[in-house]
Every structure is written in C-alpha cells, then in structure tokens.
Amino acid sequence: SCLTCGYTFDPTGTDDCITCADQEDTLVPVYSDGTGTCGQDPSDGDDDGGDHGEGGCYDGYRKLIPGCTCDSSCLTCGYTFDPTGTDDCITCADQEDTLVPVYSDGTGTCGQDPSDGDDDGGDHGEGGCYDGYRKLIPGCTCDSSCLTCGY
C-alpha cells in the first residue's frame with residue numbers, strides 16, 4: 001500500500017509508509033517520524049463500505065471489514081484484522097466517554113477518564129479504582145500509595 005517507505009533498517013511493514021501508492025488513500029501517521037499506514041481514514045466519514053456514523057471495524061489498511069462487530073464500547077474499531085477487543089476503539093460508542101489511547105496507532109479504550117473529575121460513581125477527589133472501561137469499581141480500594149488506580 002506504500003509508494004515510498006522508511007525510515008528504518010527494514011521498512012517493509014504496513015505501517016512504514018511515507019507516501020501512499022493509491023492517491024485516494026490517506027496516510028495515517030503511526031510513528032513520530034510521520035510514517036504510518038495507508039487506507040481510508042475512518043475519521044473522514046467516508047469508509048467506502050457504510051455510514052461512518054453507524055460505526056464499523058477497520059483492518060490494518062484502514063479498510064472496512066464486512067461483517068465485523070466492534071466491542072460495545074466502540075463506535076469504530078481497528079486497526080488489526082480482528083479489532084474486536086475493548087482496547088481496539090478508534091471512536092467511542094458513548095459520546096460522553098473518553099478515548100484513552102493504548103497503542104501507537106491511536107486506538108484504545110473508551111470510558112470515563114478519571115482525570116476529568118467525573119467518575120459517575122463518587123467523588124474523584126477521594127480517589128477510586130477504575131476498570132478497563134474507565135468506570136469506577138464500587139467498593140474497590142487502591143494501594144495506599146495511589147489516589148486512583150486501575151485499567
């Protein structure tokens with residue numbers, strides 16, 4: 001999918017593109033040097049396979065995966081060939097949730113960000129434990145060295 005690639009000793013990966021072979025594809029940076037993957041960028045609202053507003057799964061080439069269903073916390077998910085995990089979200093199903101990146105491609109988990117002061121379950125100033133969805137875990141106590149913990 002790359003027209004040109006670099007800047008490593010073996011720039012042969014799908015995420016080593018400098019420019020895209022298909023001019024209709026978008027270069028989506030993965031690394032700080034600007035190299036990344038080529039394909040349809042789900043954030044542009046045109047996934048060539050459905051209405052972006054309805055969500056969908058995207059492969060490593062940023063192409064829609066027919067018949068794939070994201071985790072319920074994600075509106076869109078990717079960029080692997082089976083992006084159905086809780087940490088594969090591109091965008092969140094609940095607009096109130098925060099996308100917290102886990103991977104260098106920007107995908108991650110969706111949920112309440114404890115740093116926003118709104119944990120939907122108690123006073124953030126008192127701390128608490130948070131699950132992988134960034135939701136407060138009732139009755140959980142963090143180690144005494146932590147105000148908040150989890151993920």
Side-chain angles (χ1 to χ4, degrees), residues 1-121 124 128-137 142-143 146-151:
S1 64
C2 304
L3 179 61
T4 58
C5 53
Y7 299 104
T8 66
F9 292 108
D10 184 26
T12 57
T14 59
D15 57 357
D16 290 324
C17 298
I18 298 170
T19 59
C20 301
D22 185 341
Q23 292 182 344
E24 302 231 348
D25 284 346
T26 300
L27 177 65
V28 180
V30 173
Y31 302 108
S32 60
D33 64 7
T35 57
T37 59
C38 291
Q40 286 300 127
D41 183 355
S43 65
D44 71 4
D46 179 9
D47 56 28
D48 291 339
D51 180 2
H52 176 257
E54 294 177 12
C57 305
Y58 293 84
D59 66 19
Y61 299 104
R62 308 303 202 255
K63 302 289 185 189
L64 188 68
I65 302 171
C68 178
T69 302
C70 298
D71 179 78
S72 63
S73 66
C74 310
L75 177 62
T76 56
C77 56
Y79 296 108
T80 67
F81 293 97
D82 185 28
T84 56
T86 60
D87 58 356
D88 291 324
C89 299
I90 299 168
T91 58
C92 300
D94 184 343
Q95 292 181 349
E96 298 292 317
D97 285 345
T98 301
L99 176 66
V100 179
V102 173
Y103 302 107
S104 61
D105 62 7
T107 58
T109 58
C110 289
Q112 290 294 322
D113 184 352
S115 65
D116 71 3
D118 178 11
D119 56 30
D120 290 336
H124 178 255
C129 306
Y130 292 83
D131 64 17
Y133 296 105
R134 309 301 196 257
K135 301 289 185 189
L136 186 67
I137 302 170
C142 297
D143 180 82
C146 303
L147 177 61
T148 58
C149 58
Y151 309 177

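One-based numbering along the sequence shown. What you see below is based on every heavy atom in this structure, not just the backbone, and it leaves out hydrogens, waters and symmetry mates.
With values rounded to the nearest 0.5 angstrom, Leu3 atom CG is found 10.5 Å from Asp22 atom CG. Here SG of Cys74 is found 8.5 Å from CD1 of Ile90. Values are rounded to the nearest 0.5 Å.
The nearest pair of heavy atoms linking Gly85 to Asp71 is O-CB, 3.8 Å. Here the closest heavy-atom approach between residue Val102 and residue Thr109 is recorded as CG2-N, 4.0 Å.
Of the possible polar contacts, one joining the Thr76 side chain to the Thr91 backbone as a donor-acceptor pair under 3.5 Å is found.
Counting heavy atoms from C-beta outward, Tyr79 and Asp88 have side chains that stay 4.5 Å or more apart.
In this structure Cys57 satisfies the side-chain contact (heavy atoms from CB on, under 4.5 Å) test together with Ile65, Cys68, Cys70, Cys77, Pro83, sequence neighbours excluded.
Cys pair Cys17/Cys38: SG-SG separation is not below 2.5 Å.
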Note to self: With side-chain contact (heavy atoms from CB on, under 4.5 Å) as the criterion, how do Asp59 and Thr80 come out once you've worked through the C-alpha distance, each side chain's angles and the decisive distance to 0.1 Å?
What the structure shows: CA-CA 5 Å; Asp59 66 19; Thr80 67; over 6 Å; no
